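We count residues from 1, following the sequence as given. If you're wondering where the values come from, they're calculated on a predicted model, not measured in any experiment. Numbering of ligands and ligand atoms starts at 1, following listing order.
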Amino acid sequence: MSEPIRFYYQGKVREAGALSPTRTVLQHLREDLHCTGTKEGCAEGDCGACTVVIGTLKDGGLELKSVNSCIQFLPTLDGKALFTVEDLKQDNGRLHPVQQALVEYHGSQCGFCTPGFAMSLWSLYLKQEGAAQPPCRKQIDETLSGNLCRCTGYRPIIDAAQRMGELPHAAFDRAAVQAALESLQRERMFSYTHDSQTFHAPRTLDELAALRAAKPAATILSGSTDVGLWVTKQMRDLGDVIYVRQVPELLRMRTYGGILEIGAAVSLDDAYRAICEHYPQELTELWQRFASQPIRNTGTLGGSVANGSPIGDSAPWMIALGARIVLRSAEGQRTMPLQDFYLDYMKKNWQPGEFVEAVRIPLPHTGLQFRTYKLAKRYDQDISAVCAAFAMTLDKAGVARNVHIAFGGMAATSRRAPLAEAALEGQPWNEAALNAAMAALAQDYTPLSDMRASALYRMRTAQNLLRRFWLETRPEQPLPAAAINAFAYSDNYALA
Ligand SMILES: Cc1cc2nc3c(=O)[nH]c(=O)nc-3n(C[C@H](O)[C@H](O)[C@H](O)COP(=O)(O)OP(=O)(O)OC[C@H]3O[C@@H](n4cnc5c(N)ncnc54)[C@H](O)[C@@H]3O)c2cc1C
Ligand code: FES
Ligand code: FES
């Protein structure tokens, strides 16, 4: 018989067994443990009603992150701590300051999504412990980006977020949780089997490569923000599962030789934080607009690249920057430009037994002009209709070199625009060259109409985004982002 899944919940270590490896954390909470405070709204990571906080050992400490429990499989909890709205109750029976503030400001409106709001706010409360100031509006907005309120609005909830830190402090015993988790760590690969389906969590790169070679048909699982939905929405049978987020080599980031290398299992949030240190002006908005905070906490850059959705937000800018993908198998490692990895709709240039080990992102160099723009109907938590990325090196004479233009949402894969690039390559970066490139874009792509946008909208906006890039980067009188971007803020272009 397989070893049980072990995790820390409500002050003790729990064991779970005889359950499907794709049973979700939410199903386990509600249906097996009868802890029904956590709600199910959408079962696809969108609404936040199911938000819980997961504690993981990281760099010798305890990391606590909000997560959508509806799309996380139970065996991924092995060796971790789970916190739900039931944990907020204080020993003296009082409400936690997060709950008290929600009550005082009438922030519990429909009640259904309130536990999710409370847990997102609790994750912020913990981050804020010891801070001199209450959280700012931007921090609150980011924290709540994965919680949808469809009734009266966010105002009372935001007020509660500002108030919660002023109430008598509720202590959280990190040391006790950390000690419990230390006792739960495994030295060897964890394999959990039920009904002849096995969930494997290898602990080294070699183990992962050997397992992948032995089981080429198994489903690789990383942050589960795509794969989770295959089960909850499409009722797919995943067969055996290989979970990659316990492999230390896949969780590291390093900088060398003008490259930032990011392991495939690094969370989107950590990956974008590291990238934005190098490209703050160019990528910070995309980081904030990529899904929501809980999705970024679990989803990974490797998963996003491996999935290869034509409307994914990471591939366009990585292709424009000339990033490379690192593939690994039992035979060894090979790399290729990311643009060569995508062959056609959901068709990738890899062999059975290969998986994504890392991505290598070139760091900025002199003369680089680079921007990326996401067009979606909402600021947070929305998939792009069009995602554009432009990179070129302007020489001292203002001539464009190494022009790379890549779009998501315009073709069956994220891909470059060879004709538009050719119209700009070696040309002065002026309006005549821009107009030629805008016209060429219409030959580069034949976008589709779908529920997100019409083909005409996609083409017009793609061309206009190229113009926006020119307005921001032209050698004469470049405009600051705040002059063109409704979301940007500066003293000269202050939003009311
Ligand atoms: C609510 C919601 C909002 C979203 N919003 C956005 C958005 O704004 N922008 C956007 O681009 N995406 C968005 N997504 C999509 C999703 O977050 C990304 O595709 C995500 O980055 C996938 O990463 P993951 O780690 O969760 O992958 P998983 O779901 O674990 O896996 C995805 C795919 O990659 C494969 N895979 C994973 N890791 C590896 C590996 N190391 N080697 C080989 N194969 C691997 C899996 O087998 C699977 O086929 C959203 C998803 C949800 C649920
Ligand atoms: S139930 Fe909607 S995000 Fe999980
Ligand atoms: S609080 Fe639930 S919809 Fe607004």
Regarding Y379 and Q288, is there a side-chain donor-to-acceptor distance under 3.5 Å anywhere?
yes
Just checking R150: does its CZ atom have more than 12 heavy atoms from other residues, nucleotides or ligands closer to it than 6.0 angstrom?
yes
Residue and atom, protein N/O/S, under 2.8 Å of atom 2 (Fe) of ligand 3:
C110 SG, C113 SG
Under 4.0 Å from ligand 1 - residues by heavy atom, chain and number
E44, G45, D46, I220, L221, S222, G223, S224, T225, D226, V227, L229, W230, A264, L268, R289, F290, A291, I295, G299, T300, G303, S304, A306, N307, G312, D313, W350, F355, V356, K374, Q381, D382, I383
Ring-plane angle category for W350 and F341, please: parallel below 30°, perpendicular beyond 60°, tilted otherwise.
perpendicular
Side chains of S108 and T114 only: does a donor on one sit below 3.5 Å from an acceptor on the other?
yes
What lies under 2.8 Å from atom 4 (Fe) of ligand 2, restricted to protein N/O/S atoms, is C50 SG, C70 SG
Answer yes if the side chains of N485 and E285 hold a donor-acceptor pair under 3.5 Å, and no otherwise.
yes
Rounded to the nearest 0.5 Å, what's the gap from CG on L26 to CD on E31? Could you check?
8.0 Å
Aromatic rings W317 and F370: how do their planes relate, parallel, tilted or perpendicular, breaks at 30° and 60°?
tilted
Specify whether Y154 and F117 have parallel, tilted or perpendicular ring planes, treating 30° as the upper limit for parallel and 60° as the lower limit for perpendicular.
perpendicular
Side chains of I157 and Q109 in contact at under 4.5 Å (non-hydrogen atoms)
yes
Verify whether one side chain among R360 and Y256 offers a donor that lies under 3.5 Å from an acceptor in the other.
yes
Residues which pass side-chain hydrogen bond (donor to acceptor under 3.5 Å, both in side chains) with N297, listed by chain and number, not counting sequence neighbours:
S66, Q293
Once you round to the nearest 0.5 Å, how far does CD1 of I311 lie from CD1 of I383?
5.5 Å
If you round to the nearest 0.5 Å, how far is CH2 of W122 from OG1 of T143?
14.0 Å
